[in-house]
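Working notes, structure below.
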Amino acid sequence: MHRIKVTINGKEYEQEVEPRLLLVHFIREKARLTGTHVGCDTGNCGACTILFNGKLIKSCLTLAVQANHAQITTIEGLAANGLHPVQDAFLEKFGLQCGYCTPGMILNACYLLQSNPQPSEAEIREALEGNLCMCTGYQHIIDAIRYAAERMKQSGTVQL
Ligand code: FES
Ligand code: FES
């Protein structure tokens, strides 16, 4: 077993973990933050997407021990002070149905908008290529991200 300390959404979690434990399972089962979903455990679906030291990663492709001393943001962290504008936009523009892919989609969108505040539809589609959705056909997700970008431009919102 290894003792690790991880900061998730500003809160420190210290636990003994097995070396084989995946970070997504640490987040869900040890930190009890179940907004990060598991679709495949093999890096294909994007449901487990989080921000890890400011970078977008799939947390099923990282071991929990690799997150020792890392700073992580999950979907719960975006809503710490009320819903984030991207979360609001997904609600308003019907960017979700079952919601399984939604946390990963929203974190991906926030990450994109940090570096590209006014992305084109093609740029959004390219950014989302590692995140799969079984329900929406993607168009409502893209509309929601463009809507969020417009609202954030008008309000001067800092993305994260
Ligand atoms: S659960 Fe990580 S990519 Fe599917
Ligand atoms: S809303 Fe159901 S998988 Fe995307």
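The basis for the numbers below is simple: all heavy atoms, side chains too, and nothing from hydrogens, waters or symmetry mates. Numbering starts at 1 and runs along the sequence shown. Order of listing sets the numbers, starting from 1, for every ligand and every atom in it. Keep in mind the model is a prediction, meaning the values are calculated, not measured.
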Report task. Answer yes or no: is there a side-chain heavy-atom contact under 4.5 Å between Tyr147 and Val86? Result -> no

Requested in this report: Apply the side chain to side chain contact (heavy atoms under 4.5 Å, CB included) test between Leu23 and each candidate in Ile57, Leu63, Val65; give the one that qualifies.
Outcome: Ile57

Query raised in the report: Among side-chain atoms of Thr74 and Asn9, is any donor-acceptor pair under 3.5 angstrom?
Result: yes

Report summary line: With sequence neighbours left out, the residues meeting salt bridge (charged side-chain N to carboxylate O under 4.0 Å, His left out) with Glu12 are none

Query raised in the report: Would the number of heavy atoms belonging to other residues, nucleotides or ligands and lying under 6.0 Å from CD of Glu126 be above 12?
Result: no

Query - Metal environment of atom 2 (Fe) of ligand 1, protein N/O/S under 2.8 Å - result: Cys48 SG, Cys60 SG

**Report entry** Lys/Arg-Asp/Glu bridge criterion (N-O < 4.0 Å) met for Arg125, Glu129
**Finding:** no

Query - Shell of protein N/O/S atoms around atom 2 (Fe) of ligand 2, taken as anything under 2.8 Å - result: Cys98 SG, Cys135 SG

Query - Presence of salt bridge, Arg151 and Glu92, under 4.0 angstrom - result: yes

Report task. State whether a side-chain donor-acceptor pair under 3.5 Å links His25 with Asp41. Result -> yes

Report summary line: Residues at least two apart in sequence or cross-chain that pass salt bridge (charged side-chain N to carboxylate O under 4.0 Å, His left out) with Arg20, listed by chain then number, are Glu18

